[in-house]
Q: 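Please see the structure below; I have some questions.
Counting starts at 1 for both ligands and their atoms, following the listed order. Quick caveat, the model's predicted, so the values are computed rather than measured. Just so you know, these numbers use all the heavy atoms, side chains as well, and skip hydrogens, waters and symmetry mates.
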Amino acid sequence: LSEAVEEGAANLARERATALLAEGVEAEEVLRFGLLDAMERVGQRFKTSEIFVPEVLLAARAMQAGLSVIEPRLRRNAIGSRGTLLLGTVEGDLHSLGKNLVRIFAKSAGFTVIDLGVDVAPGVFLDAAKRHPEATVVGMSALLTTTMPIMRTVIERFEAEGLRSRFRFIVGGAPVSERYASEIGADGFGPDAATAADQLKAWASEQRPTAGRGA
Ligand code: B1M
């Protein structure tokens, strides 16, 4: 499977992921050793100019094909809704895979996820917050050092509109750190999608944020 992902062979990735599940391999193992490790190697080869954007794009498509096969298994333990998460990759950033993983893990943990997609402008997060009064968490992904600052802008826009206190903000993505999350005023950081889902669960079991918090 990891070879199929590295080669950007989406159909093969789909077939191999399906075969692995049929053989009884756990979906979490397929994710870690078949998909994530492969994409890590793709990143390394891209960094050293061994491969270029088209190959990376094909690999990402193959990973997405594998992800769609294992998603129902990862979600099999999902329970009733624990809350609603507004999720997106920030403006200027087209990287979708980490965000999609957060969506899968959050859904598995019982959350309703409103996936706003990639290249999400601050105003779009705000509109979604207004359209979904049930939402209490905003999740933002950024993979580029140039797009990370947009996460701060989003939080500032929520503050300016008086909406900050309704939400917890969780951020993540390869260049994002816990320290950066705290610097921009986010409430949480997810080094990976599973940890992000754990954070959501922890928040859901606490009380909602109180008015004026974080303003
Ligand atoms: Co891009 N890219 N890319 N890329 N790409 C990186 C990020 C890069 C590190 C590669 C490199 O140089 N080694 C580099 C960024 C450098 C930097 O900013 N410092 C880079 C670059 C430069 C670019 C372009 C500028 C290249 C160009 O055009 N010259 C361009 C930018 C386009 C844009 O966004 N405007 C670009 C384009 C692309 C593709 C479109 C070809 C493709 C994305 C396709 C897609 O997503 N549909 C792509 C890919 C695939 C990568 C790499 C190789 C892999 C990223 C990935 O999907 N990883 C990446 C190298 C790398 O990261 N090693 C690279 C797998 C994914 C599951 O991991 O998203 O990190 P990740 O998510 C993790 C955690 O970060 C976390 O959970 C996941 C694990 O469970 N997480 C969260 C993520 N979001 C979270 C949110 C949370 C919590 C946790 O809470 C809400």
Side-chain angles (χ1 to χ4, degrees), residues 2 5-6 8 10 13 27-28 30-68 70-71 74 83-109 111 113-121 125 135-151 154-155 167-178 180-181 184 186-203:
S2 64
V5 171
E6 283 191 64
E28 288 77 8
V30 177
L31 174 64
R32 184 161 166 218
F33 301 113
L35 302 176
L36 291 176
D37 282 0
M39 194 49 75
E40 185 58 39
R41 283 193 293 277
V42 168
Q44 290 302 326
R45 292 167 64 204
F46 180 55
K47 208 173 177 176
T48 55
S49 301
E50 196 186 320
I51 56 170
F52 300 95
V53 171
E55 287 93 341
V56 179
L57 198 49
L58 287 173
R61 283 195 188 140
M63 172 162 171
Q64 186 58 51
L67 262 185
S68 62
I70 62 168
E71 179 169 2
L74 288 171
T84 300
L85 164 72
L86 304 176
L87 179 66
T89 302
V90 296
E91 187 170 29
D93 201 322
L94 303 175
H95 295 87
S96 61
L97 298 176
K99 185 259 307 162
N100 291 351
L101 267 183
V102 173
R103 183 186 68 215
I104 292 169
F105 276 88
K107 282 185 171 178
S108 317
F111 291 85
V113 180
I114 314 282
D115 188 345
L116 303 171
V118 297
D119 192 16
V120 182
F125 279 106
T136 54
V137 183
V138 175
M140 293 184 280
S141 187
L143 266 288
L144 300 171
T145 43
T146 49
T147 58
M148 286 163 68
I150 303 288
M151 301 197 293
V154 172
I155 296 173
F167 289 93
R168 309 261 202 190
F169 283 82
I170 181 162
V171 295
V176 182
S177 64
E178 184 146 32
Y180 186 76
I184 63 172
D187 304 287
F189 161 68
D192 56 66
T195 310
D198 287 342
Q199 178 64 81
L200 296 181
K201 283 190 266 179
W203 284 339

Q: Is there side-chain contact between Ile170 and Trp203, with heavy atoms separated by less than 4.5 Å?
A: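 Ile170 vs Trp203: side chains touch.
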Q: Taking CZ in Arg41 as the centre, count heavy atoms belonging to other residues, nucleotides or ligands within less than 6.0 Å. Is the count above 12?
A: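 Yes, enclosed.
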Q: At under 4.0 Å between heavy atoms, which part of Gln64 makes contact with ligand 1: side chain, backbone, both or neither?
A: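 Neither; no heavy atom under 4.0 Å.
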Q: Would you say the side-chain atoms of Asp93 pair up with the backbone N or O of Asp119, donor to acceptor, closer than 3.5 Å?
A: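 Such a contact is absent between Asp93 side chain and Asp119 backbone.
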Q: What's the spacing between Asp192 CG and Leu36 CG if we round to 0.5 Å?
A: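 If I round to the nearest 0.5 Å, the distance is 9.0 Å.
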Q: Among all protein non-hydrogen atoms, which one is nearest to atom 20 (C) of ligand 1, and what is the separation to 0.1 Å?
A: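 Going by distance alone, atom 20 (C) of ligand 1 is nearest to Leu144 CD2, 3.8 Å.
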Q: Which residue owns the protein heavy atom closest to atom 49 (C) of ligand 1, what's the atom, and how far is it?
A: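 Residue, atom and distance for the closest contact: Val56 CG1, 3.2 Å.
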Q: Does atom 74 (C) of ligand 1 have a protein non-hydrogen atom under 4.0 Å from it?
A: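 Yes; the ligand atom in question has protein heavy-atom contact below 4.0 Å.
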Q: For atom 33 (C) of ligand 1, what is the closest protein heavy atom, and at what distance to 0.1 Å?
A: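 Ranked first by proximity to atom 33 (C) of ligand 1 is Leu94 N, 3.6 Å.
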Q: Can you pull out the closest protein heavy atom to atom 46 (O) of ligand 1? Residue, atom name and distance to 0.1 Å, please.
A: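 Of the protein heavy atoms, Ser96 N, 2.7 Å lies nearest.
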Q: Judged on heavy-atom distance to atom 77 (O) of ligand 1, which of Ala193, Ala142, Ala59 sits nearest?
A: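 When every heavy atom of Ala193, Ala142, Ala59 is considered, Ala193 comes closest to atom 77 (O) of ligand 1.
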Q: So if I count the atoms of ligand 1 from 1 in the order they appear, which ones are less than 4.0 Å from some heavy atom of Leu97?
A: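 With Leu97 as reference, the close atoms of ligand 1 come out as 46 (O), 57 (O).
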Q: Under 4.0 Å, heavy atoms only, figure out whether ligand 1 is touched by the backbone of Leu101, its side chain, both or neither.
A: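 Answer for Leu101: side chain.
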Q: Side chains of Thr89 and Leu143, heavy atoms from C-beta outward: is any pair under 4.5 Å?
A: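 The answer is no, as the side chains (C-beta and beyond) never meet within the 4.5 Å cut-off.
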Q: Which of the atoms of ligand 1 are close to Lys47, meaning less than 4.0 Å from one of its heavy atoms?
A: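 This gives 13 (N) as the contact atoms.
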Q: Decide yes or no on salt bridge (Lys or Arg N to Asp or Glu O under 4.0 Å) for Glu55 and Arg45, but give the supporting numbers first.
A: CA-CA 10 Å; Glu55 287 93 341; Arg45 292 167 64 204; over 6 Å; no
Q: Quick one: look up the protein heavy atom nearest atom 11 (C) of ligand 1 and list residue, atom name and how far away it is.
A: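 Closest protein heavy atom to atom 11 (C) of ligand 1: Phe46 CD2, 3.7 Å.
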Q: To the nearest 0.5 Å, what is the distance between CZ (Phe33) and CD (Glu28)?
A: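 If I round to the nearest 0.5 Å, the distance is 11.5 Å.
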Q: Compute the minimum heavy-atom distance from Gly92 to ligand 1 and say whether it is under 4.0 Å.
A: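 Gly92: in contact with ligand 1 (<4.0 Å).
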Q: Who's closest to atom 18 (O) of ligand 1 heavy-atom-wise, of Asn100, Ile170, Thr145?
A: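 Minimum heavy-atom distance to atom 18 (O) of ligand 1 goes to Thr145.
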Q: Looking only at non-hydrogen atoms, find the nearest pair between Phe169 and Asp187 and report the distance.
A: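 Heavy atoms only, the tightest pair is N-OD2, 2.6 Å.
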Q: Please indicate, with yes or no, if any protein heavy atom is found under 4.0 Å from atom 8 (C) of ligand 1?
A: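 Given the 4.0 Å limit, the answer for atom 8 (C) of ligand 1 is no, no protein heavy atom qualifies.
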Q: Contact between Val154 and Val120 at the side-chain level, heavy atoms closer than 4.5 Å - yes or no?
A: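 They are not in contact (no side-chain heavy atoms under 4.5 Å apart), so the answer is no.
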Q: I need the atoms of ligand 1 closer than 4.0 Å to a non-hydrogen atom of Ala196, numbered in the order shown.
A: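 Answer for ligand 1: 88 (C).
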Q: Can you tell me the protein heavy atom closest to atom 81 (N) of ligand 1 and the distance?
A: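 Answer, as residue, atom name and distance: Gly173 N, 3.5 Å.
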Q: Measuring from atom CZ of Arg168 to atom CG of Leu85, what distance do you get when rounded to the nearest 0.5 angstrom?
A: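 Rounded to the nearest 0.5 Å, the CZ-CG separation comes to 13.5 Å.
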Q: Rounded to the nearest 0.5 Å, how far does CG of Leu58 lie from CD of Glu6?
A: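 It comes to 13.0 Å.
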Q: Could you list the atoms of ligand 1 found under 4.0 angstrom from a heavy atom of Gly139?
A: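 Selected atoms, number and element: 91 (C).
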Q: Heavy atoms only: which of Ala60, Gly98, Pro191, Ala194 lies closest to atom 76 (C) of ligand 1?
A: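 Among Ala60, Gly98, Pro191, Ala194, the closest heavy atom to atom 76 (C) of ligand 1 comes from Pro191.
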Q: Have a look at Gly43, Ala106, Ala186 and point out the one with the heavy atom closest to atom 61 (C) of ligand 1.
A: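 Among Gly43, Ala106, Ala186, the closest heavy atom to atom 61 (C) of ligand 1 comes from Gly43.
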Q: Tell me the nearest of Arg61, Met39, Gln199, Glu40 to atom 58 (N) of ligand 1, using heavy-atom distances.
A: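 Answer by nearest heavy atom: Met39.
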Q: To the nearest 0.1 Å, how far is atom 28 (O) of ligand 1 from its closest protein heavy atom, and which atom is that?
A: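 Among all protein heavy atoms, the one nearest atom 28 (O) of ligand 1 is Val53 CG2, 3.8 Å.
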Q: Would you check if Phe125 and Ile150 make a side-chain contact, meaning some heavy-atom pair closer than 4.5 Å?
A: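 In short, these two side chains do not touch, never coming nearer than 4.5 Å.
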Q: May I ask you to list the atoms of ligand 1 that are less than 4.0 angstrom from any heavy atom of Asp93?
A: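 So the answer, numbered in order with elements, is 34 (O).
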Q: Would you name the heavy atoms of Val90 and Ala142 that are closest together and state the gap between them?
A: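 The answer is CG2-CB, 3.9 Å.
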Q: Might you point out which heavy atoms bring Ala181 and Phe189 nearest each other, and give the distance in Å?
A: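 Heavy atoms of Ala181 and Phe189 come nearest at CB-CB, 3.8 Å.
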Q: Please identify which atoms of ligand 1 are closer than 4.0 Å to at least one heavy atom of Val171.
A: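 Taking each heavy atom of Val171 in turn, ligand 1 has 87 (C), 90 (O) under 4.0 Å.
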Q: For ligand 1, does Val102 get within less than 4.0 Å through its side chain, its backbone, both, or neither, judged by non-hydrogen atoms?
A: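 Contact part for Val102 vs ligand 1: side chain (C-beta onward).
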Q: Please state which protein non-hydrogen atom is closest to atom 88 (C) of ligand 1 and give its distance, to 0.1 Å?
A: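 Minimum-distance protein heavy atom for atom 88 (C) of ligand 1 reads Gly190 O, 3.5 Å.
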Q: Can you tell me how far apart CE (Met140) and CG (Leu87) are? Round to the nearest 0.5 Å.
A: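 With rounding to 0.5 Å, CE (Met140) is 10.5 Å from CG (Leu87).
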Q: Just let me know how Leu36 lines up against ligand 1, side chain, backbone, both or neither, with a heavy-atom cut-off below 4.0 Å.
A: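 Side chain only; the backbone of Leu36 stays clear of ligand 1.
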Q: Of all the N, O or S atoms in His95, which has the shortest distance to atom 1 (Co) of ligand 1?
A: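 Checking each N, O and S atom of His95, the shortest distance to atom 1 (Co) of ligand 1 belongs to NE2.
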Q: How long is the span from the NE2 atom in His95 to the CG atom in Asn100, to the nearest 0.5 Å?
A: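 The CG atom of Asn100 is 12.5 Å from NE2 of His95, to the nearest 0.5 Å.
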